[in-house]
Amino acid sequence: MSLNDILVHVDGAEECARRVDFAVALCKDCDAHLIGAAFAPTALLPLCGADVGLADMSEALDEAKAQGEAALKRFEACAMGAGLSAEMRLMQGLAEELPGDFARLARHVDLAVIGQPRGGDPLIGQYALVERCLFASGRPVIIVPQAGVTAPAGGTLAVAWDGSAEAARALKDALTYLKTPEGIALLVGAPEDGGDPPETSDIMAHLKRRGLPTEVVRFSTGAGDTGKTILAKAKEHGAGMIVMGAFHHSRWREFILGGVTLTMLEETTVPLFMAH
């Protein structure tokens, strides 16, 4: 495990406390520096046709800034209470640009921690935050589920393996930055049309050389929702985290039409470790 610094997104959402606790626990494991970043939009794009006055807009912005400052104070208390080296950033700018600003900040740390996209500050595009972190930061991202998780779990690491460069990058980063798992469940989907499934012998040999007990878990990609199947298989094997590459297909096609990645982001109950 080799983490020097972590960036975590903090906001006024109820789920934020679990996200911060998770990031704090990661940092304590390796004595890493922790940066908490909150957003304070200075301008919002009004909804088309909405009758929003300047006074209402100003009030919303002031409230958002106050919530960001309060979230950072809670973050500071948590980090200091854990004896961590930590710092706070209140990021200001246009609401639609803040996810990109966060991703640029993430370029200067080892890892970013964010929440599931259905939670969080409604003034900030949560799906845009996930997308920008994955595609503009150049760093791996951990998505912490909204409920039930406050610290990284040990045990088995579930890896969604399709043989792609994205999957290889995610697995390599996870083995670099996370605690060595007790074992790995390699989740491999077999094409519904009878095509060749992803090759696993070489990655199995690689993991064996690392001393990691690995089991290949095969399933049909035509048997219902593949994302739900991956989540179910991970649960069956007691996985404390799921590792997967980010968006093997067009990122916008995935977001607009759905797909495996979107299902995973919205429905996971264990942390997702993702890299692109």
### Task
Taking the side chain as every heavy atom from C-beta outward, state whether L105 and L7 have any atom pair closer than 4.5 Å.
yes
### Query
Does any non-hydrogen side-chain atom of F273 lie less than 4.5 Å from one of L178?
yes
### Message
Walk me through whether E69 and L90 qualify under side-chain contact (heavy atoms from CB on, under 4.5 Å).
### Response
CA-CA 7 Å; E69 292 172 338; L90 185 64; 3.9 Å; yes
### Query
Do L212 and P181 touch side chain to side chain, with heavy atoms closer than 4.5 Å?
yes
### Query
Which atom pair, heavy atoms only, marks the closest approach of C27 to I6?
SG-CD1, 3.6 Å
### Message
Working to the nearest 0.5 angstrom, can you tell me the gap between R210 CZ and I184 CD1?
### Response
8.0 Å
### Query
Looking only at heavy atoms, what is the nearest atom pair of G211 and P213, with distance?
O-CD, 3.5 Å
### Query
About how many Å separate CD1 of I143 and CE of M244, when rounded to the nearest 0.5 Å?
9.0 Å
### Task
May I ask you to test the L3-V109 pair for a side-chain heavy-atom distance under 4.5 Å?
no
#### Entry: Flag, side chain of D5 to backbone of D110, donor-acceptor distance under 3.5 Å
yes
### Message
If the threshold is 4.0 Å, N to carboxylate O, is there a salt bridge linking E63 and K65?
### Response
no
### Query
Sub-3.5 Å donor-acceptor pair from the side chain of T214 to the main-chain atoms of L207, do we have one?
no
### Query
Is the closest basic N to carboxylate O distance between R104 and D101 below 4.0 Å?
yes
### Contacts of E182 that satisfy side-chain contact (heavy atoms from CB on, under 4.5 Å) - sequence neighbours left out
none
### Message
Looking at Q116 and E266, would you say the former's side chain and the latter's main chain have a donor-acceptor pair under 3.5 Å?
### Response
yes
### Message
Do M264 and L272 have side chains that approach each other closer than 4.5 Å (heavy atoms only, starting at C-beta)?
### Response
yes
### Query
Between I142 and V144, does a side-chain contact (heavy atoms from CB on, under 4.5 Å) hold up when you go through it step by step?
CA-CA 6 Å; I142 293 180; V144 179; 4.2 Å; yes
### Query
Heavy-atom distance under 4.5 Å between the side chains of I242 and P271, does that happen here?
no
### Query
Do C30 and S2 have side chains that get closer than 4.5 Å, going by heavy atoms?
no
### Query
Which value, rounded to the nearest 0.5 Å, describes the distance between D162 atom CG and T226 atom OG1?
11.0 Å
### Task
Please list all pairs passing the side chain to side chain donor-acceptor pair (under 3.5 Å) test where one or both residues lie in residues 197-208, with sequence neighbours left out.
E199-S201, T200-R218
### Message
When you group the ILVMFWY residues by side-chain heavy-atom contacts below 4.5 Å and let the links chain together, are V141 and F135 in the same group?
### Response
yes
### Atom pair CD (E215) and NE2 (H237), whose distance is rounded to the nearest 0.5 Å
4.0 Å
### Query
Can D29 and K179 be counted as an ion pair, charged N to O under 4.0 angstrom?
yes
#### Entry: Nearest-0.5 Å distance that lies between atom NE2 in H276 and atom CG in D173
12.5 Å
#### Entry: Test side-chain contact (heavy atoms from CB on, under 4.5 Å) applied to Q67 and F39, step by step
CA-CA 9 Å; Q67 288 181 352; F39 297 153; over 6 Å; no
Using atom types as modelled, flag every donor-acceptor pair under 3.5 Å from a side chain in residues 147-159 to any protein atom, sequence neighbours excluded.
none

### Task
Verify side-chain contact (heavy atoms from CB on, under 4.5 Å) between L34 and F75, making sure each step is shown before the conclusion.
CA-CA 10 Å; L34 183 60; F75 162 82; 3.5 Å; yes
## Note on the structure
Tightest non-hydrogen contact, residues A64 and P41, listed as CB-CD, 3.9 Å
#### Entry: Closest contact, heavy atoms only, A106 versus S137
CB-CB, 3.8 Å
### Query
Are R19 and D11 within salt-bridge range, i.e. N to O under 4.0 Å?
yes
#### Entry: Whether over 12 other heavy atoms sit under 6.0 Å from D31 CG
no
### Summary
Closest heavy-atom pair, C78 versus V20, reported as atoms and distance to 0.1 Å, is SG-CG1, 3.9 Å
### Query
Looking only at heavy atoms, what is the nearest atom pair of M91 and A37, with distance?
SD-CB, 3.9 Å
#### Entry: Nearest-0.5 Å distance, SG of residue C133 to NE2 of residue H9
9.0 Å
### Task
Would you mind reporting whether Y127 and L265 have side-chain heavy atoms less than 4.5 Å apart?
no
